[in-house]
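So the structure is just underneath, and the comments pick up after that.
Residue numbers begin at 1 in each chain, while the letters A, B, ... track the order of the sequences. Only this structure's heavy atoms are used, side chains among them; waters, hydrogens and symmetry mates stay out.
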Number of protein chains: 2
Amino acid sequence: MSLRHAVLGLIAEMDGASGYDLLKMFEISLGNVWPARQSQLYGELGKLSDAGLIEVADEGPRGRKAYRITDSGRAELRHWLVDVPPKGNRKDETLLRVFFLGLVEPEEVQRFMRGQVAGLGRYLDELGTLEKGIDWGEDDLSVYGRLVIEYGKRYAAMRRDWFEWAAHEIDSLDDRAHRPKRPGQEQPGEERPGG
Amino acid sequence: MSLRHAVLGLIAEMDGASGYDLLKMFEISLGNVWPARQSQLYGELGKLSDAGLIEVADEGPRGRKAYRITDSGRAELRHWLVDVPPKGNRKDETLLRVFFLGLVEPEEVQRFMRGQVAGLGRYLDELGTLEKGIDWGEDDLSVYGRLVIEYGKRYAAMRRDWFEWAAHEIDSLDDRAHRPKRPGQEQPGEERPGG
DNA sequence: GAATTCATGTAAGATGTTACATGATTAG
DNA sequence: CTAATCATGTAACATCTTACATGAATTC
């Protein structure tokens with residue numbers, strides 16, 4: 001039930017925010033660690049309200065509802081933060097593919113690996129630009145958001161390096177499989193192309 | 001629809017496997033990058049069969065069904081592997097909490113961060129033990145599985161280092177907020193406890 | 001006054017979790 | 001003969017995605 005706590009936490013930090021406001025935060029910031037669509041968000045706001053963890057503090061133009069966290073909501077959020085150990089998410093579609101790379105030709109494998117390296121390089125550039133572009137405040141969301149950006153950079157760099165390393169590993173594995181002769185044992189007159 | 005392809009890929013690599021066999025592979029290996037419960041797996045096998053991507057090659061004792069990938073299944077798997085760019089999963093419950101760490105006391109924050117560092121250290125040890133314990137074969141699943149273990153180690157080490165770094169960052173941020181005086185400006189006679 | 005942004009909501013369907021249910025075969 | 005393992009399935013429920021639907025207020 002993390003979406004519940006993501007929404008609860010956002011409302012705690014952004015008192016008086018509307019669903020629309022929260023949605024923008026998900027898009028630009030929180031969504032990087034816990035994405036949510038509009039329909040899911042409004043649904044969750046309804047449930048949170050019914051459960052008495054948040055309440056409508058004010059209604060504005062266009063049916064705008066300004067939410068506020070209740071005492072019971074704050075207690076629930078605190079409980080989640082300090083007492084409930086987070087569970088790691090193991091899903092990684094990219095690594096899932098790595099398991100099956102033996103089913104396609106070596107050229108496709110290398111294309112895949114190089115694609116990942118390049119993509120992660122671009123992503124790292126984007127993160128750098130993003131970080132410079134935001135004018136970071138001193139509010140909690142900014143302070144901790146900045147730490148998470150640093151995490152994103154380290155994560156992307158680690159993956160890029162791993163994909164580079166793994167591509168080499170696979171390459172030398174392929175070499176051994178297709179040219180099992182040890183170096184120095186070539187037949188005379190049999191020259192390597194491009195050597 | 002990644003579960004579909006995870007199952008399809010496993011059957012491609014483990015010809016003649018039963019749902020039960022596949023389930024064990026999810027538990028010990030594939031589940032680290034794409035988890036699946038028993039009920040989900042059997043459901044998916046049914047759908048895959050209906051779609052003609054796999055077929056029952058043989059029936060054994062206790063109603064055991066030995067599955068085999070079909071040509072159309074192999075084509076679908078290949079298509080997924082080379083033509084469909086994998087999408088990254090952004091969900092990270094632990095980092096989600098980091099966003100809201102400003103809502104609890106500094107002591108709780110440090111407890112949380114230290115807990116993460118310790119947990120990741122233990123996990124790294126486990127991975128090392130696991131790696132030594134397995135007798136790695138030369139089959140695809142072993143070869144690529146070994147690469148993924150290395151990924152797991154780098155991932156855990158990166159996270160551990162980040163949590164250590166972030167804990168220090170937060171600590172010095174707290175210092176600035178609660179003791180805004182610069183060092184060397186203390187009043188005479190005002191001593192720090194525990195100094 | 002037209003386009004954009006603000007603002008909320010619902011419905012259908014896919015995906016995933018927890019729990020229940022059953023029974024055959026093998027190992028000790 | 002008892003326990004463990006092998007083996008498959010279903011039902012209820014929670015979560016998440018995609019698409020539809022509507023309209024008020026603001027900006028140009």
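The interatomic distance linking A:Glu59 (CD) with D:dG23 (C1') rounds to 16 Å, in whole Å. The distance between atom CG of A:Asp50 and atom C1' of C:dG9, rounded to the nearest whole Å, is 14 Å. For the pair A:Arg62 CZ and D:dG23 C1', the interatomic distance rounds to 11 Å; values are reported in whole Å. Note: CD (A:Gln38) to P (D:dT22) measures 15 Å, nearest angstrom. Rounded to an integer number of Å, the gap from A:Leu45 CG to D:dC16 P is 15 Å. Atom-to-atom, CZ of B:Arg64 to C1' of C:dT22 comes out at 19 Å; the value is rounded to the nearest Å. The NZ-C1' distance, from A:Lys24 to C:dC6, rounds to 8 Å in whole Å. One can place CE of A:Met1 at 16 Å from C1' of C:dG16, the figure rounded to the nearest angstrom.
Of the candidate nucleotides D:dT17, D:dC16, D:dA7, D:dT17 has the atom lying nearest to any side-chain atom of A:Ser39. For A:Leu3, the listed nucleotide lying nearest its side chain is D:dC16; candidates were C:dG16, D:dC16, C:dT10.
A close approach under 4.0 Å does occur between a side-chain nitrogen or oxygen of B:Tyr42 and OP1 or OP2 of D:dT8. Taking 4.0 angstrom as the limit, A:Tyr20 places a side-chain polar atom (N or O) nearer than this to OP1 or OP2 of C:dC6. For the OP1/OP2 pair of C:dT17 and a distance below 4.0 Å, the side-chain nitrogens and oxygens of B:Gln40 include at least one atom meeting the criterion. Distances shown here put every side-chain N or O of A:Arg37 at or beyond 4.0 Å from the OP1 or OP2 atom of D:dC16. Note on B:Lys47: every side-chain N or O is 4.0 Å or more away from OP1 and OP2 of C:dA14.
Side-chain N/O atoms of A:Ser18 and base N/O atoms of C:dT8 include no donor-acceptor pair closer than 3.5 Å.
Of the charged side-chain nitrogens involved, at least one lies within less than 4.0 Å of a carboxylate oxygen, so that A:Arg159 and A:Asp92 count as a salt-bridged pair. Ion pairing of B:Arg146 with B:Glu150 is absent here, as no side-chain N (NZ or NE/NH1/NH2) approaches a carboxylate O to less than 4.0 Å.
Under a hydrophobic-cluster definition in which Ile, Leu, Val, Met, Phe, Trp and Tyr are linked whenever side-chain heavy atoms come within less than 4.5 Å, directly or via other members, A:Tyr42 and A:Met14 are assigned to the same cluster. Cluster annotation: A:Val56 and A:Leu23 are assigned to the same hydrophobic cluster (Ile/Leu/Val/Met/Phe/Trp/Tyr, side-chain heavy-atom contacts under 4.5 Å, transitive).
Relative to the six-membered ring of A:Trp165, B:Arg154 meets both conditions, a distance below 6.0 Å and an angle of at most 45° to the axis.
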